[in-house]
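First the structure, in the form of structure tokens, and then the observations on it.
So that the names make sense, note that chain A is the first sequence line, chain B the second, and so on, each numbered from 1.
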4 protein chains.
Amino acid sequence: MESTLKLLEERGYASMTIEQVAAEAQVGKATVYRSWPNKAALVLDAVRGRLPDVPTAETGNSREEMLSVAKQALAGFFGSPEVQAMLPALVADTVRNPELRRRLREEIIEPRKARSRAVLERAISRGDLPPDTDISLVLEMWAGAMMFRSVYFEDSFDDSVLSRLVDATISSPPRLPRTGP
Amino acid sequence: MESTLKLLEERGYASMTIEQVAAEAQVGKATVYRSWPNKAALVLDAVRGRLPDVPTAETGNSREEMLSVAKQALAGFFGSPEVQAMLPALVADTVRNPELRRRLREEIIEPRKARSRAVLERAISRGDLPPDTDISLVLEMWAGAMMFRSVYFEDSFDDSVLSRLVDATISSPPRLPRTGP
Amino acid sequence: MESTLKLLEERGYASMTIEQVAAEAQVGKATVYRSWPNKAALVLDAVRGRLPDVPTAETGNSREEMLSVAKQALAGFFGSPEVQAMLPALVADTVRNPELRRRLREEIIEPRKARSRAVLERAISRGDLPPDTDISLVLEMWAGAMMFRSVYFEDSFDDSVLSRLVDATISSPPRLPRTGP
Amino acid sequence: MESTLKLLEERGYASMTIEQVAAEAQVGKATVYRSWPNKAALVLDAVRGRLPDVPTAETGNSREEMLSVAKQALAGFFGSPEVQAMLPALVADTVRNPELRRRLREEIIEPRKARSRAVLERAISRGDLPPDTDISLVLEMWAGAMMFRSVYFEDSFDDSVLSRLVDATISSPPRLPRTGP
DNA sequence: AAGTAAACGAGACGGTACGTCGTGTCTTCCG
DNA sequence: CGGAAGACACGACGTACCGTCTCGTTTACTT
């Protein structure tokens with residue numbers, strides 16, 4: 001019952017009601033509640049899968065691959081209208097709803113992060129990034145910058161910014177803490 | 001009427017109602033509405049000012065100053081319980097409420113960013129950062145990474161991470177696009 | 001807000017919903033609930049007062065007066081469409097709702113009974129009924145017979161039946177138990 | 001499937017749901033609906049037969065026989081907890097459901113009335129009641145008085161009241177209208 | 001004895017009304 | 001006359017049953 005999506009985009013998350021979704025889908029309200037405990041869960045399920053992919057194709061060029069990730073997985077993700085409409089609301093609901101936070105993290109964020117990480121690990125193995133690069137932190141920086149700009153400035157990163165961001169990171173990425181001598 | 005704050009922390013943003021605030025403050029609901037058009041505006045006003053300061057004191061050591069900014073303005077900001085409780089909800093409301101977004105940006109984000117920017121500009125003038133450093137982007141990366149981690153992992157950055165983040169940036173910050181010939 | 005009555009007659013008690021009443025009256029559902037705890041209370045208040053009167057006018061002729069009571073207070077009451085539509089439902093609700101039973105008895109039944117009793121007492125004082133007539137029982141018999149026929153046979157008593165009923169009672173009414181020696 | 005009765009007495013008519021009945025009886029809801037169109041029909045069938053009998057035994061003493069009828073068929077009927085719990089609700093439903101009214105009348109009321117009528121006819125044939133006694137009206141008066149008191153006063157008639165009621169009737173019962181010259 | 005049809009339990013379904021709650025506006029007093 | 005108190009219209013919430021409807025799975029009858 002993903003005609004949730006229709007209402008999501010035409011009314012926005014906050015103005016979308018479960019009653020409307022049920023009506024739109026020609027379905028009893030109880031049926032919706034039988035499958036999802038609340039609006040957040042419903043939306044999360046509806047949106048999952050419609051998300052832009054993380055490109056992991058190997059091109060031989062680490063910078064190119066990383067740019068690709070930054071562009072499609074991050075700019076494409078945080079910049080997409082659906083995500084802009086729903087993510088902040090979902091995030092806000094996580095404050096009261098730890099289960100939702102868990103699902104958001106495990107079903108949306110982590111898988112994307114894992115695929116992105118693969119690309120950076122490949123860059124390390126090619127020697128294009130130092131072996132002690134703090135991949136997690138790199139990705140959080142990138143994603144965070146995107147998220148920040150999209151949230152507060154309704155803006156997203158263009159190719160030029162992404163290049164400069166990636167290049168700066170390649171030159172000197174944050175390192176993992178030294179563990180041994 | 002900042003006993004809003006009391007309810008904010010003991011009930012959370014979503015469960016706090018304007019009725020409760022009015023009752024708590026021994027005030028008519030209409031009186032609250034006379035001053036603020038909605039809950040978001042009320043909370044924004046209540047919280048503003050209670051926020052951790054951006055330290056701009058000059059110590060002579062750019063790295064030290066930048067770390068200080070990162071620690072207090074960013075980790076201290078996104079990690080504080082009040083901000084965690086209210087920011088995501090406020091952000092979610094901005095989707096429907098452009099005025100709120102404007103105020104959030106202009107009254108909270110921009111001023112903090114401006115003060116942080118001053119610190120980075122000082123670093124540039126000392127020669128500790130290249131003159132074409134994209135300060136905005138640096139700050140967005142830092143803030144974004146903090147925000148990201150706090151939102152999805154309920155976690156905040158410890159000193160070690162901040163050091164590594166700052167050091168990486170100092171070694172090779174993102175640059176402004178070349179504007180000249 | 002007695003536009004309850006309108007819906008009562010056009011939909012019947014069971015099919016009338018509080019939501020409809022509220023909508024019809026251009027009023028919030030909560031406003032209805034603020035004034036009446038449930039449908040029964042609402043209907044009881046709406047109907048009270050619209051009921052046929054108990055005629056107590058003194059004509060000098062006891063039989064005539066008693067017939068008048070029987071006809072208007074009983075046949076007119078149990079035979080009226082409004083009462084037929086609502087009384088059984090109200091009575092059914094009393095099973096779960098003792099407060100409703102109390103109100104139904106004290107606000108509808110007892111006052112009518114009291115006024116009818118006055119007429120019979122006058123007949124006693126005229127010597128047209130024995131002094132130890134069990135007035136309560138007489139009235140219950142009369143009312144009960146009406147109610148019975150209206151409930152199970154959708155029928156009401158015509159003048160002829162009422163005459164014979166009254167005449168039989170005048171000839172030999174049920175007596176009060178002897179109390180003294 | 002008369003474990004309906006169990007739920008009837010422990011929850012009351014209104015709070016008893018067909019789902020509960022089905023669950024209690026370890027039976028599918030559809031199975032219940034296959035046999036009865038609605039709750040009223042189910043309850044009517046469940047209760048029928050459990051009703052107190054109308055005693056028609058011939059004792060030779062008309063007054064005694066009539067008292068017996070009044071006591072067991074009327075006081076025993078309207079005073080029994082099962083009947084008190086279900087009859088008003090059933091009656092209320094008849095307003096919307098003429099078929100139910102028909103069954104209630106033909107399967108419950110009429111048979112009892114017929115058996116009671118036999119007793120009164122025997123009294124007439126013995127000369128203890130006038131030949132033109134309006135038996136129907138007598139029974140309706142009696143039943144109605146019982147019903148009335150049970151419904152509005154949660155009370156039932158004791159032996160003394162029944163005696164006085166019967167005696168009054170014997171002295172001067174309501175007559176049938178004269179039909180011929 | 002196997003094959004088939006009916007009846008069955010279980011429970012999901014589309015609906016409808018419930019009674020509660022919060023919103024933002026509007027009215028009523030009181031000090 | 002300003003403000004507290006709170007009534008008000010509105011509408012979503014999540015719950016409970018309704019009566020209908022598929023599902024497999026017994027039964028019990030036919031062949």
Side-chain angles (χ1 to χ4, degrees), chain A residues 1 7 11 13-42 93, chain B residues 1 7 11 13-42 93 96-97, chain C residues 1 7 11 13-42 93, chain D residues 1 7 11 13-42 93 96-97:
Chain A
M1 207 210 318
L7 281 157
R11 315 257 307 140
Y13 180 91
S15 304
M16 180 194 88
T17 73
I18 292 192
E19 282 195 21
Q20 283 165 4
V21 172
E24 167 76 26
Q26 302 266 72
V27 138
K29 223 185 340 169
T31 305
V32 177
Y33 278 106
R34 211 172 293 120
S35 307
W36 295 277
N38 50 54
K39 188 158 58 154
L42 169 62
D93 276 4
Chain B
M1 205 213 319
L7 281 156
R11 315 256 307 141
Y13 181 90
S15 305
M16 179 194 87
T17 74
I18 293 194
E19 280 195 24
Q20 284 165 2
V21 171
E24 168 76 26
Q26 300 268 71
V27 138
K29 224 186 340 170
T31 307
V32 176
Y33 276 103
R34 209 171 294 121
S35 308
W36 296 275
N38 48 54
K39 185 158 64 156
L42 168 62
D93 275 3
R96 295 182 293 166
N97 187 344
Chain C
M1 208 216 314
L7 281 157
R11 315 257 307 140
Y13 181 91
S15 304
M16 180 194 87
T17 72
I18 292 192
E19 282 195 24
Q20 284 165 3
V21 172
E24 167 76 26
Q26 300 267 73
V27 139
K29 225 185 341 169
T31 306
V32 177
Y33 279 106
R34 209 172 295 118
S35 307
W36 296 276
N38 48 54
K39 186 156 64 155
L42 168 62
D93 276 4
Chain D
M1 205 209 323
L7 281 157
R11 315 256 307 140
Y13 180 91
S15 303
M16 180 193 87
T17 73
I18 293 194
E19 281 195 20
Q20 284 165 1
V21 172
E24 168 75 26
Q26 301 268 76
V27 137
K29 226 184 342 166
T31 307
V32 177
Y33 277 105
R34 209 171 294 122
S35 308
W36 296 276
N38 49 54
K39 185 158 63 156
L42 168 62
D93 276 4
R96 295 181 295 164
N97 187 343

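Here the P atom of nucleotide E:dG24 and the CG atom of B:L42 are 11 Å apart, to the nearest Å. Taking atom CD1 of residue D:I18 and atom P of nucleotide F:dT20, one finds them 10 Å apart after rounding to whole Å. Distance CD (B:Q20) to C1' (F:dA5): 17 Å, rounded to an integer number of Å. To the nearest angstrom, C1' of E:dG22 lies 15 Å from CG of B:L7. One can place OH of A:Y33 at 23 Å from P of E:dG11, the figure rounded to the nearest angstrom. Rounded to whole Å, the distance from NZ on D:K39 to P on F:dC18 is 6 Å. Taking atom CH2 of D:W36 as the reference point, atom P of F:dG19 lies 15 Å away to the nearest angstrom. F:dA5 atom C1' lies 17 Å from atom CD of B:E24, rounded to whole Å.
The line from OG1 of C:T31 to CH2 of C:W36 is 10.0 Å long, rounded to the nearest 0.5 Å. Taking CD from C:E24 and CG from C:L7, the interatomic distance works out to 5.0 Å, rounded to the nearest 0.5 Å.
Between E:dC8 and D:T31, no contact under 4.0 Å exists linking OP1 or OP2 to a side-chain N or O. Here D:R34 does not reach the OP1 or OP2 of E:dA7: none of its side-chain N or O atoms lies under 4.0 Å away.
The C:T17 side chain lies nearest to E:dA17 when the options are E:dT25, F:dC17, E:dA17. With E:dG11, F:dG14, E:dA17 as the candidates, the nucleotide lying closest to the side chain of D:A30 is E:dG11. Distance from the side chain of A:V27 is smallest for E:dG14 among the nucleotides E:dG22, F:dG6, E:dG14.
Using a 4.0 Å heavy-atom criterion, one finds that D:A22 contacts no nucleic acid atom at all.
Comparing A:S35 and D:S35 by the nucleotide of DNA chain E whose heavy atom lies nearest to each, the residue mapping closer to the 5' end is D:S35. Heavy-atom distances to DNA chain E give each of C:M16 and B:R11 a nearest nucleotide, and the one nearer the 5′ end belongs to C:M16. The residue among A:E19 and B:G28 whose nearest nucleotide of DNA chain F is located toward the 5' end is B:G28. Residue-to-nucleotide proximity on DNA chain F shows that, of C:A25 and D:S15, the 5′-proximal contact is made by C:A25.
When all heavy atoms of A:M16 and A:Q20 are compared, the pair lying nearest together is CA-OE1, 3.7 Å. Considering all non-hydrogen atoms of both residues, D:V32 and D:I18 come closest at CG1-CG2, 3.8 Å.
Taking only distance into account, the side chain of D:K29 never meets the base of E:dG11 through a donor-acceptor pair shorter than 3.5 Å.
When each of B:K39, B:K29, B:R11 is paired with B:E19, the salt bridge (Lys or Arg N to Asp or Glu O under 4.0 Å) condition holds for B:K29 and for no other.
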